[in-house]
> 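Attaching a single structure in C-alpha cells format; questions to follow.
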There are 2 protein chains.
Amino acid sequence: MTHSQRRRIPNAAVARLPVYLQILNNLHATNVARFSSDELAALAGVNAAKVRKDLSYLGSYGTRGVGYEVTYLIHQIRRELGLMREWNVVVVGAGNLGCALAKFGGFAPRGFPVVGIVDNDPKKIGQSTGALKVSDVRNLQKLVKDLDVTIGAITTSTSAAQSAADALIEAGITSILNFAPIVLAIPSSVSVRNVDLGVELQILSYYEQMRIEQTDLKIQQRSNAVPV
Amino acid sequence: MTHSQRRRIPNAAVARLPVYLQILNNLHATNVARFSSDELAALAGVNAAKVRKDLSYLGSYGTRGVGYEVTYLIHQIRRELGLMREWNVVVVGAGNLGCALAKFGGFAPRGFPVVGIVDNDPKKIGQSTGALKVSDVRNLQKLVKDLDVTIGAITTSTSAAQSAADALIEAGITSILNFAPIVLAIPSSVSVRNVDLGVELQILSYYEQMRIEQTDLKIQQRSNAVPV
DNA sequence: AGGGCTTCGTGCAGAATTTCACAAAGTTAA
DNA sequence: TTAACTTTGTGAAATTCTGCACGAAGCCCT
C-alpha cells in the first residue's frame, strides 16, 4: 500500500490537466524551458494558486523561486492522465460526424488512434472512410477484442444511440464519448463524456439573455434615478 | 426591483437545464403529460433532490403529490434559458468542421440558425456551403450588425483562433463557442464555451487508467492475501 | 555568508454544489 | 371528513472546489 495507493485527483483538477498539457506542449514547441504558476495561470485563464494545487496532485515537481520545467511537467501530466500509451478508439455510426472523426487525423498524434468504424446500415458497410472501411456493427465485439479498443465514440442518430452504447458495453468498452443529444443509461463502471453542441449553445444563450436583462435593468434604473 | 431582480441560477444548474429540456421534449413527443422528479432524475442520470432544486430555481411549478406538467415545464425552462427567441450564429473558419456546422440543419430547429460563415482564405471566399456562401472575414462586423448575430463559433485552425476571437469581439459578439484546442484570451464580459475532443478523450483516459490500476491492485492484493 | 527577491506548496476559510431528510400540500379512497 | 399515500420544496448537513495568505525553499547579488 505504498505508492500504488495513488492519491485520487479531484474531478475538477482532472478536467484541467489536459488544458495545461495543451499549453505546455505549445510552450515546448516555442522553445520555452520553464514556466511559473503565474504564467500558466494567465495562459489557462485560471487562478495561480489553483494551478499550483492542481500540479501538486502530481507530486512536488516545481522548484521554489524558479518554477516548473516544461518537458518534465509534460511528462508527469502525461503519465498521470494515462497518456504514456495509446488508447484505441472505435466509432459507432458512419454518418457525417462519424466519418469526419475517422478521417480526421488529429487524434492519433494525441494518442487516440481511430482504429475502426462500424454501422448497421448495409449501404454503408464496406465503404471506405479515410484509411478505414466501415464494418458491420455485429463485428463490434470481435473488433474490440482484436484491436484492443478501449474507447467508443457514439455518432449515431439519437434513436440508435442507446443500442450503440449497449453494444459497446457488451463488447467490453469502458469509456464512451457520446455525441448524441441523449443521456445514456449505462452502468457506473463505464465512463461517459457527452458532447452536445445544442446544450452548449443553450448555456450560452442563458448568459446572453442574462446580460441583456442586466443592461435593460440598468437603463431602466438610470431613467428612474434621474427624474427631471 | 420586483421581478426584474431575477434570482441568479447557479452555474451548475444552468448547465443541467438544457439536458432536462431535451428529455422533456422527448417525453412530450411520446405524449407523456406529467412527470415526477424521480422519473426525470432517472432519465437524466442525477439525484431526484437535485432535479427538484434545479427546477425550483425557475419557480414553484410542481404540484405536490402529483409532479410537474411536461408542457408547462418546457415553457418555463425555455423562458429561463432565453429560448423564446432565436439566436443567430456566425461560423468563423470554413474548414471541414465549419462547413459541416453551416450545412447541418440541426441547430435552426433548436433556435440557433447559422446565418453566416466567414474565412480569410481567398480560395474559400465565395464558395457555397449548404444555403450559405463563405464571405470575407473582413465583412464580419457588417454581417454581425446586419443579421443581428449574437453567437460566434470558431472553427479555424489553432493558430488563427485567437485572431478570430478578436475579430468576433471587435464585431460586437458576446458569446463564443470555441472548437480550437486553445484557451482564448477574452474580456470577462464575453462568454465562452470550449469544445475540445482531445480534452474529453484525455479525461476519459485518466479514468480508464485509474480503473486498470485499481484492477491490478486488487489482483495483487488477492495474491498477497492468500499465500500458499 | 547573508540579505533580498522570487515562487512553490499547502493549511485554512469561504463559496459553491450536492445530498439528505422531512414538513407541507396535494390526491385518492372509503 | 378522515386516513393513507404521494411528491414537492427547502432548510441544513455533507462534500467538493476555490482562493487567499504565508511559511518554506531556492536563486542572486554584494
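Order of the sequence lines sets the chain letters (A, B, ...), proteins ahead of strands, with each chain counted from 1.
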> Considering only heavy atoms from C-beta outward, does the side chain of Ile151(A) approach that of Phe112(A) to under 4.5 Å?
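Result yes, sub-4.5 Å side-chain heavy-atom pair found.
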
> Using 0.5 Å steps for rounding, measure from the OH atom of Tyr206(A) to the OG atom of Ser191(B).
11.0 Å

> Sequence neighbours left out, what passes salt bridge (Lys or Arg N to Asp or Glu O under 4.0 Å) with Glu39(B)? Give chain and number order.
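With neighbours one apart ignored, the set is empty.
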
> If you measure only the distance, is there a donor-acceptor pair under 3.5 Å linking the side chains of Gln76(A) and Arg79(A)?
yes

> By the salt bridge (charged side-chain N to carboxylate O under 4.0 Å, His left out) test, which pairs, at least two apart or in different chains, include something from residues 62-78 of chain B?
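Found none.
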
> Taking atom types as modelled, is there a side-chain donor on Asn11(A) or Tyr207(B) under 3.5 Å from an acceptor on the other?
yes

> For the residue pair Glu208(B) / Ser175(A), report whether a side-chain donor-acceptor contact shorter than 3.5 Å exists.
yes

> Can you tell me which residue pairs pass the salt bridge (charged side-chain N to carboxylate O under 4.0 Å, His left out) test with a partner in residues 42-55 of chain A, sequence neighbours excluded?
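Only Arg16(A)-Asp54(A) qualify under salt bridge (charged side-chain N to carboxylate O under 4.0 Å, His left out).
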
> Of all residues at least two apart in sequence or in a different chain, which pass the side-chain contact (heavy atoms from CB on, under 4.5 Å) check with Asp166(A)?
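Here the qualifying residues are Gln162(A).
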
> Please identify the 5'-most and 3'-most nucleotides of DNA chain D with any atom under 4.0 angstrom from a heavy atom of chain A.
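Range of nucleotides within reach of chain A: dC17(D) to dC27(D).
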
> Determine which pairs satisfy ring pair (Phe, Tyr, Trp, His ring centres under 6.0 Å) with at least one residue from residues 54-76 of chain A, sequence neighbours left out, and list them in order.
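Residue pairs with at least one partner in residues 54-76 of chain A: Phe35(A)-Tyr68(A), Tyr61(A)-Tyr72(A).
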
> Using a 4.0 Å heavy-atom cut-off to protein, can you give one letter per nucleotide of nucleotides 13-20 of chain C, 5' to 3': B if the base is in contact, S if only the sugar-phosphate is, - if neither?
----SSBB

> Does CZ belonging to Arg34(B) count more than 12 external heavy atoms closer than 6.0 Å?
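No, not enclosed.
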
> Could you list by number each residue of residues 28-41 of chain B showing a heavy-atom separation from DNA chain D of less than 4.0 Å, or answer none if no residue does?
Ser36(B), Ser37(B)

> How long is the straight-line distance from CG of Leu24(B) back to OG1 of Thr71(B), given to the nearest 0.5 Å?
10.0 Å

> Could you name each residue pair satisfying ring pair (Phe, Tyr, Trp, His ring centres under 6.0 Å) that touches residues 151-181 of chain A, not counting sequence neighbours?
none

> Got a sec, which pairs hit salt bridge (charged side-chain N to carboxylate O under 4.0 Å, His left out) with one end in residues 177-202 of chain B, sequence neighbours left out?
Arg110(A)-Asp196(B), Arg193(A)-Glu200(B), Glu200(A)-Arg193(B)

> Check whether the side chains of Asn194(B) and Asn178(B) place a donor and an acceptor atom closer than 3.5 Å, and report yes or no.
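On atom types as modelled, these side chains qualify, holding a pair under 3.5 Å.
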
> For the helix from dA1(C)-dT30(D) to dA30(C)-dT1(D), figure out the bend between the end axes, five pairs an end, and round to 10 degrees.
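Answer rounded to 10°: the end axes differ by 10°.
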
> Which residues, if any, of residues 62-70 of chain A bring a heavy atom under 4.0 Å of DNA chain C?
Gly62(A), Thr63(A), Arg64(A), Gly65(A), Val66(A), Gly67(A), Tyr68(A)

